[in-house]
Amino acid sequence: MRYTQYLLPTLKENPADAEVISHQLMMRAGMIRKVAAGVYSYMPFGLRSIRKMEQIIREEMNKAGAIECLMPMANPAELWQESGRWEKYGKELLRFKDRKETDFCMGPTHEEVVTDIVRNTVKSYKQLPLNLYQIQTKFRDEIRPRFGLMRGREFIMKDAYSFDLDDAGADASYSKMYQAYRNIFNRCGLKFRAVEADSGAIGGSFSHEFMVLAESGEDAIVSCDACEYAANVEKAELIYREIATPPATAELQKVDTPGQKTIEEVASFLKIEANKLVKTLIIQTSDDEVVAVLLRGDRELNEIKLANLLGADWALPAEEHVVKEATGAPVGFAGPINLKIRVIADSEVQAMADFVVGGNAVDIHYTGANLGRDFEVSQFADLRQAVAGDPCPRCDCGKFESWRGIEVGHVFKLGTKYSEAMNAVVLDDEGKTRTLVMGCYGIGVGRTVAAAIEQNHDGHGMCLPMPLARFQVLVSMVNPKDDAVREASEQLYQELLDLGVEVLLDDRDERPGIKFKDADLIGVPLRLTVGARNLKEGNVELKVRATGEMSLLPLADAAKELQRHVDAALAG
RNA sequence: CGGGGCGUAGCGCAGUCUGGUAGCGCACAUGCUUCGGGAGCAUGGGGUCGGAGGUUCAAAUCCUCUCGCCCCGACCA
């Protein structure tokens with residue numbers, strides 16, 4: 001491709017509305033343009049990276065035995081009513097009517113459609129296992145789209161759905177997908193972790209998220225420094241092999257703590273460490289239950305663990321008036337002593353003695369509080385957020401490291417939620433009717449490309465890994481008006497094309513500075529600079545974008561040498 | 001949806017408080033010089049000041065309504 005015949009509108013400055021690096025660089029490098037909030041056009045330069053990502057996914061999915069299909073974006077309400085999600089999905093589901101006033105929605109995911117296909121076409125266990133996937137544009141009317149392709153409303157997703165006769169089969173399908181996902185993200189050259197994730201309301205199932213590691217990631221994850229265990233902090237388990245409650249040595253004592261509400265305030269007022277306090281959180285659940293939760297002062301509550309423990313959809317800090325009603329004091333002074341509501345505590349609290357708690361009265365705390373003697377706890381459980389340094393729950397020696405991650409993929413064992421609701425059944429080898437066991441597997445295609453940029457950039461622009469780069473080589477002719485330079489560049493360009501290398505020839509009549517800045521911005525992995533200076537010696541200059549490494553190559557060997565570089569980079 | 005902020009040329013912004021002929025930088029076009037890290041000079045084109053209504057002799061500026069966009073929260077690939 002010749003630059004002068006291509007559409008690659010680069011921007012010198014960051015667009016005012018782009019906050020994160022990948023969004024800024026994708027805009028500046030002319031990969032995407034915004035059409036509406038969370039809705040983007042893929043410009044030629046961006047589209048090709050997206051297509052490369054799709055192709056990698058396609059190859060690995062096919063290799064794992066999945067079969068590609070393509071389902072409609074417009075879904076009839078009928079199917080969604082059957083699964084019950086027409087009512088449940090809420091405003092994120094973009095609904096509309098056709099000319100006959102029939103309800104439709106833009107598919108945000110395709111369990112309904114695929115389950116409909118399978119129940120109508122698969123009748124026997126002999127047709128199983130089956131895994132159907134598609135790469136398609138989805139629409140979710142997100143409350144808050146942001147960060148460019150990172151969280152759009154319209155976005156390209158690969159979604160796959162597996163169907164098996166039984167749980168064991170579904171587990172096998174799941175692990176095939178898990179491995180396929182590892183292959184996909186490895187091939188993209190991404191640093192990632194497959195982490196255990198919360199499986200939410202569908203109990204008994206399991207799920208993994210694939211997280212690309214990046215500072216700007218929206219998710220917090222932990223991984224063991226000794227074994228394979230990794231999990232979203234929402235899910236990360238904490239276990240205590242031995243918990244011994246130390247003997248109480250101090251008397252319970254009421255102390256005045258005027259105006260000291262937060263843990264930090266109370267700790268510094270009493271001149272003790274935050275971990276000598278026990279905080280009491282008043283929590284309200286989706287079932288309208290109000291409970292008190294005790295945590296060591298320096299710990300954070302994991303609301304998902306709590307909700308799962310209580311069997312509720314959610315568990316959140318109670319509103320102010322509820323706290324007052326439960327404790328008799330304003331927010332900031334709750335404590336477990338003489339509290340009327342149910343008290344549950346994080347396991348770690350069991351290892352504490354002579355601690356400080358709130359006094360359930362304005363400006364009052366207790367010191368020297370002790371479990372059992374001063375108050376009762378109805379249940380101990382793992383309720384806190386994991387942090388770096390916590391012991392691994394799976395191995396004896398490991399400790400957690402913490403990371404930020406961008407969720408680019410999610411594999412999920414669905415069970416029979418949809419097959420049951422929509423009556424997707426087959427006959428087994430005894431002629432008995434069996435409900436299909438499903439799994440679903442998603443990859444955010446655009447998000448993965450954005451994540452790759454988050455992970456591969458510097459102050460000058462992006463450094464996309466070779467497998468995702470739209471152009472593998474850039475031939476930059478320093479001065480197109482110099483005949484020797486122009487001819488050598490054209491020759492190199494042609495040779496590279498003939499070798500099947502994806503090459504961009506910067507044939508613009510621009511000053512070198514502009515060309516170099518653009519080259520760095522758009523991040524072509526390998527740059528060949530053809531300038532009069534080196535050409536006199538018969539050389540051209542190779543610069544590796546990611547490392548900045550430079551070397552001189554004889555003009556005659558350059559094309560072949562570059563092809564070797566490209567092949568090596570693609571091989572990983 | 002709650003809280004905060006912004007809409008002025010393709011991009012980045014000033015001008016709004018205190019009403020008086022719409023500006024700057026970049027980009028774009030033309031010419032000359034320049035040419036290995038976002039050049040210089042000159043000339044030029046491009047704007048319903050997000051939209052509607054109102055106040056006024058006069059509105060980008062004041063008032064009312066409205067639309068869009070961004071950031072922080074709950075959701076998710």
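The basis for the numbers below is simple: all heavy atoms, side chains too, and nothing from hydrogens, waters or symmetry mates. Letters go in sequence order (proteins before strands), and every chain restarts at 1.
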Kindly state which residues belonging to residues 468-479 of chain A come within less than 4.0 angstrom of RNA chain B, counting heavy atoms of the residue only, listed by number.
->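 Listed by number, they are A:Val478.
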Please list residues of residues 517-542 of chain A whose heavy atoms come under 4.0 Å from any atom in RNA chain B, ordered by number; otherwise none.
-> A:Lys517, A:Asp518, A:Asp520, A:Arg527, A:Thr529, A:Gly531, A:Arg533, A:Asn534, A:Glu541
Check [X] against [Y] and note the closest heavy-atom contact, atom names and distance.
{"X": "A:Asn75", "Y": "A:Gly107", "answer": "OD1-CA, 3.9 Å"}
{"X": "A:Ala236", "Y": "A:Lys305", "answer": "O-NZ, 2.7 Å"}
{"X": "A:Glu454", "Y": "A:Ser216", "answer": "OE1-OG, 2.8 Å"}

[atom1] gap between [N] and [M], integer Å:
{"N": "B:A9", "M": "B:G25", "atom1": "C1'", "value": "13 Å"}
{"N": "B:U61", "M": "B:U56", "atom1": "C1'", "value": "13 Å"}
{"N": "B:C24", "M": "B:A14", "atom1": "P", "value": "16 Å"}
{"N": "B:G44", "M": "B:G53", "atom1": "C1'", "value": "38 Å"}
{"N": "B:G46", "M": "B:G4", "atom1": "P", "value": "42 Å"}
{"N": "B:U48", "M": "B:U8", "atom1": "P", "value": "12 Å"}
{"N": "B:A59", "M": "B:G20", "atom1": "P", "value": "11 Å"}
{"N": "B:U66", "M": "B:C26", "atom1": "C1'", "value": "33 Å"}

Inspect the contact between [Y] and [X] and indicate whether a charged nitrogen and a carboxylate oxygen are less than 4.0 angstrom apart.
{"X": "A:Glu60", "Y": "A:Arg187", "answer": "yes"}
{"X": "A:Arg28", "Y": "A:Glu13", "answer": "no"}
{"X": "A:Arg299", "Y": "A:Asp346", "answer": "no"}
{"X": "A:Arg153", "Y": "A:Glu92", "answer": "no"}

If we only count heavy atoms from C-beta on, is the A:Leu464 to A:Ser49 side-chain gap below 4.5 Å?
->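 Heavy-atom side-chain distance check passes, below 4.5 Å.
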Is there side-chain contact between A:Val475 and A:Asp506, with heavy atoms separated by less than 4.5 Å?
-> no
What integer distance in Å separates [X]:[atom1] from [N]:[atom2]?
{"X": "A:Leu7", "N": "B:G10", "atom1": "CG", "atom2": "P", "answer": "17 Å"}
{"X": "A:Asp219", "N": "B:C76", "atom1": "CG", "atom2": "P", "answer": "11 Å"}
{"X": "A:Arg85", "N": "B:C76", "atom1": "CZ", "atom2": "P", "answer": "11 Å"}
{"X": "A:Asn232", "N": "B:A77", "atom1": "CG", "atom2": "C1'", "answer": "14 Å"}

If each of A:Lys91 and A:Glu234 is mapped to the nucleotide of RNA chain B with the nearest heavy atom, which maps nearer the 5' terminus, i.e. the 5' end?
->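 First, find each residue's nearest nucleotide; the 5'-ward one identifies A:Lys91.
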Counting only Watson-Crick or G-U wobble pairs whose two distances fall under 3.5 Å, which nucleotide matches [N]?
{"N": "B:G73", "result": "B:C1"}
{"N": "B:U64", "result": "B:A52"}
{"N": "B:A58", "result": "none"}
{"N": "B:C26", "result": "B:G10"}
{"N": "B:U34", "result": "none"}

Would you list the protein and nucleotides 39-49 of chain B atom pairs, both N or O, that sit under 3.5 Å from each other?
from	atom 1	to	atom 2	distance (Å)
B:A39	OP2	A:Arg511	NE	3.4

Reckon A:Arg33 touches a base, only the sugar-phosphate, or nothing at all at heavy-atom distances under 4.0 Å?
->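 If one applies the 4.0 Å heavy-atom cut-off, A:Arg33 turns out to touch nothing in the nucleic acid.
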Select base, sugar-phosphate, or nothing to describe what A:Pro15 touches, counting heavy atoms under 4.0 Å on all strands.
-> sugar-phosphate
Applying side-chain contact (heavy atoms from CB on, under 4.5 Å) between A:Phe155 and each of A:Arg447, A:Met150, A:Glu142, A:Arg140, report the one that passes.
-> A:Arg140
Nucleotide-resolved protein contact map, nucleotides 66-72 of chain B, B/S/- at heavy-atom distance under 4.0 Å | ---SSSB
A:Tyr174 and A:Phe206 aromatic ring geometry - parallel, tilted or perpendicular at 30°/60° bounds = perpendicular
Should the pair A:His208 and A:Tyr178 be assigned to parallel (<30°), tilted (30 to 60°) or perpendicular (>60°) ring geometry?
->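 Perpendicular: the ring planes of A:His208 and A:Tyr178 meet at over 60°.
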Would you indicate which nucleotide in B:C75, B:C35, B:A77 comes nearest to any side-chain atom of A:Glu92?
->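 Nearest to the side chain of A:Glu92 among the choices is B:C75.
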Listed nucleotide nearest any side-chain atom of A:Lys12, set B:A77, B:A27, B:C1 |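 Minimum distance to the A:Lys12 side chain belongs to B:A27.
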Output yes if the stacking criterion (under 5.5 Å between centres, under 30° between planes) is met for A:Phe155 over the base of B:A77, else no.
->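 Here the ring of A:Phe155 and the base of B:A77 are stacked, with centres under 5.5 Å and planes under 30°.
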Restricting to pairs with a member in residues 518-528 of chain A, which pass side chain to side chain donor-acceptor pair (under 3.5 Å), not counting sequence neighbours?
-> A:Thr10-A:Asp518, A:Arg508-A:Asp518, A:Arg527-A:Thr529
A:Trp86 six-ring face occupied by A:Arg95 cation (under 6.0 Å, within 45°) |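 Yes, a cation-pi geometry holds between A:Arg95 and A:Trp86.
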Kindly write out the residues that satisfy side chain to side chain contact (heavy atoms under 4.5 Å, CB included) with A:Ala307, not counting sequence neighbours, or none if the list is empty.
->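 Partners of A:Ala307 by the side chain to side chain contact (heavy atoms under 4.5 Å, CB included) criterion, ordered by chain and then number, come out as A:Ala315.
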Is A:Glu87 atom CD crowded by more than 12 heavy atoms from other residues, nucleotides or ligands, each under 6.0 Å away?
->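 More than 12 within 6.0 Å, yes.
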